[in-house]
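Taking it in order: structure first as structure tokens, then the write-up.
If you're wondering where the values come from, they're calculated on a predicted model, not measured in any experiment. Values below: every heavy atom of this structure, side chains too, minus hydrogens, waters and symmetry copies. Every chain is numbered from 1, with letters handed out A, B, ... down the list of sequences.
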2 protein chains.
Amino acid sequence: MESSSARSGGSTRREATRQKLYEAAVTLIAEQGFSATTVDEIAERAGVAKGTVYYNFASKSVLFEELLRHGVGLLTASLKEAAEQTARAGGSKVDALDAMVRAGLVFIDRYPAFTQLYVAELWRTNRAWQSTLMVVRQEAVAVVEGVLREGVAAGEFSDEIDVQLTAAALVGMVLVAALDWKSFQPERSLDDVHAALSRLLQGRVSGRV
Amino acid sequence: MESSSARSGGSTRREATRQKLYEAAVTLIAEQGFSATTVDEIAERAGVAKGTVYYNFASKSVLFEELLRHGVGLLTASLKEAAEQTARAGGSKVDALDAMVRAGLVFIDRYPAFTQLYVAELWRTNRAWQSTLMVVRQEAVAVVEGVLREGVAAGEFSDEIDVQLTAAALVGMVLVAALDWKSFQPERSLDDVHAALSRLLQGRVSGRV
DNA sequence: CTTTTTGCACTGACTGGTCAGTGTAAAAAT
DNA sequence: ATTTTTACACTGACCAGTCAGTGCAAAAAG
């Protein structure tokens, strides 16, 4: 057999179709929400027939779940990378946090629709993909929590901070600021936005430095 | 005019029905999203007939829009109140910011479902109530921006801060931290959460106390 | 070489159910 | 007397998921 090996070693036809469906689904769902987006729309935007969607995914919500997993996987990898690179370069934990803020901004800059969709679905309850979302959220937040904990252990951060809440707040800060940036002042540069958040992160807002 | 029968303070029967419908709609839509929530469900949860929904609101989306306006109105009032009270008591602008953080937390503590729903809809595009949402968002964020600007003018905050971005980031910080609190550690007290955010706000995370 | 078979990826008309919104007549509340 | 609510049957658009069938290329058979 070995049928698919006739084509290029990398991407099968199926793989390419799935990718097109992901891309179509992510923007439509970000704009309209999951329930308001029809499978017909997704198929049309992807340039395939409706049947193809069901040939590649068991259902509309399975498509969505795999989309979520895929996207948050990218984000988590990017955050880890940022933290590790800072560590390798001998940077402090604040530097690591700062690098992660930037990594987050880069991610959102690249995948704004995914970010939108993620935020919109994260705190919903009673939805089929709720558990998937929780797992996947925890992976991302855990990276930030890890850096905070190491910082506390190393005496760089006050041991009175609440790691879990602070991590959530930091994530929220970046998320909301970035979505605002993309929605309302898209002409601003990433460096600009990064600088504003750095200032806030390092407490250089009050007190004139 | 039929003002003869109007009670001052105005709890007509109609008003009460509307309120019941708001309350039913807000939790259902927070859980499931707008499109996945049916008018029949809303009516049932509110304990009224379906016809009553349409007697009181022109359509499902009009009901939702008025819900949004109503909710954000409450939040904005609460933030303003916090800022003004601090000013009257002769507090600094950091104190005002801190009071607003607390007001935000109190609001979210009281109306978690509304907050959920608001976050989920805020960055959507192409939706009927998009413009309503923008107006209403700006009102709330403007309160924070106002305090920041006054702080800069008074020399309390660095004049290098980006008011708009910083305001968005602060709102995001509180929003996400609070939703996390409600979703994952609801047993924590409001004071606890407030303390964690205050620390972050005042840059007392890095550097020993 | 040629014909036939097999398996994969995809197609799009169709089905059965769902749901926003309507119409109406009668009851309840003010 | 008027406003508000109820109960319930109904409509028509819309949509997730299905299924019989198409196109194609590689292998197997002749």
Side-chain angles (χ1 to χ4, degrees), chain A residues 1-26 28-29 31-67 121 126-129, chain B residues 1-26 28-29 31-67 121 126-129:
Chain A
M1 293 286 296
E2 295 305 282
S3 56
S4 59
S5 61
R7 282 271 153 250
S8 65
S11 60
T12 59
R13 177 143 84 118
R14 207 164 175 193
E15 196 73 25
T17 305
R18 281 180 123 102
Q19 191 60 38
K20 278 195 292 182
L21 285 170
Y22 281 152
E23 275 160 28
V26 79
L28 285 168
I29 297 180
E31 281 167 8
Q32 307 175 323
F34 175 81
S35 301
T37 300
T38 69
V39 174
D40 288 278
E41 281 177 306
I42 296 173
E44 194 192 344
R45 167 99 46 125
V48 301
K50 188 179 189 176
T52 303
V53 176
Y54 287 93
Y55 182 76
N56 284 281
F57 298 96
S59 68
K60 184 185 171 186
S61 42
V62 166
L63 163 57
F64 184 56
E65 278 186 59
E66 298 196 7
L67 183 62
E121 294 297 336
N126 295 351
R127 303 233 77 174
W129 52 80
Chain B
M1 288 305 188
E2 67 104 344
S3 49
S4 61
S5 65
R7 311 297 115 205
S8 47
S11 70
T12 58
R13 183 148 81 113
R14 204 160 180 203
E15 198 70 27
T17 305
R18 283 180 124 100
Q19 190 62 38
K20 277 196 293 183
L21 284 169
Y22 282 153
E23 277 159 28
V26 79
L28 286 167
I29 296 180
E31 281 168 8
Q32 307 174 325
F34 175 81
S35 302
T37 301
T38 69
V39 173
D40 289 278
E41 279 178 307
I42 296 173
E44 194 192 344
R45 167 94 51 122
V48 302
K50 186 180 183 177
T52 304
V53 176
Y54 286 94
Y55 184 77
N56 284 281
F57 298 95
S59 69
K60 183 186 171 187
S61 42
V62 167
L63 162 57
F64 184 56
E65 277 187 60
E66 297 197 7
L67 182 61
E121 294 295 336
N126 296 351
R127 302 231 75 175
W129 51 81

Within a reach of under 6.0 Å around CD of Glu44(A), are more than 12 heavy atoms found that belong to other residues, nucleotides or ligands?
-> no
With nearest nucleotides of DNA chain C determined for Ser35(B) and Gly47(A) from heavy-atom distances, which residue corresponds to the more 5′ nucleotide?
-> Gly47(A)
Mind calculating the distance between CZ (Arg14(B)) and P (dT2(D)) to the nearest angstrom?
-> 17 Å
Find the distance Arg18(A):CZ to dC8(C):P and express it as a whole number of Å.
-> 14 Å
Side chains of Tyr55(A) and Thr17(A): closer than 4.5 Å at any heavy-atom pair?
-> no
Is there a side-chain contact between Asn56(A) and Val48(A) (heavy atoms, below 4.5 Å)?
-> no
Rounded to whole angstroms, how far apart are CG on Leu21(B) and C1' on dT5(D)?
-> 11 Å
Could you state the CG-P distance from Asp40(B) to dC8(D), rounded to the nearest angstrom?
-> 13 Å
Quick check, are the ring centers of Tyr22(B) and Phe64(B) under 6.0 angstrom apart?
-> no
Those residues of residues 50-61 of chain A lying under 4.0 Å from DNA chain C by at least one heavy atom | Gly51(A), Thr52(A), Tyr55(A), Asn56(A)
Take the protein atom CD of Glu44(A) and the nucleotide atom C1' of dA13(C), then report the distance between them rounded to whole Å.
-> 16 Å
Over how many whole Å does the gap from Ile42(B) atom CD1 to dG21(C) atom P extend?
-> 10 Å
Does OP1 or OP2 of dT5(D) have a side-chain N or O of Thr17(B) closer than 4.0 Å?
-> yes
Separation of atom CD in Glu15(A) from atom P in dC8(C), rounded to whole Å = 16 Å
Evaluate the criterion side-chain hydrogen bond (donor to acceptor under 3.5 Å, both in side chains) for residue pair Glu15(A) and Gln19(A); output intermediate values, then yes/no.
-> CA-CA 6 Å; Glu15(A) 196 73 25; Gln19(A) 191 60 38; over 6 Å; no
Find out whether Glu66(B) and Arg18(B) are in side-chain contact, i.e. whether some heavy atom of one side chain is under 4.5 Å from a heavy atom of the other.
-> yes
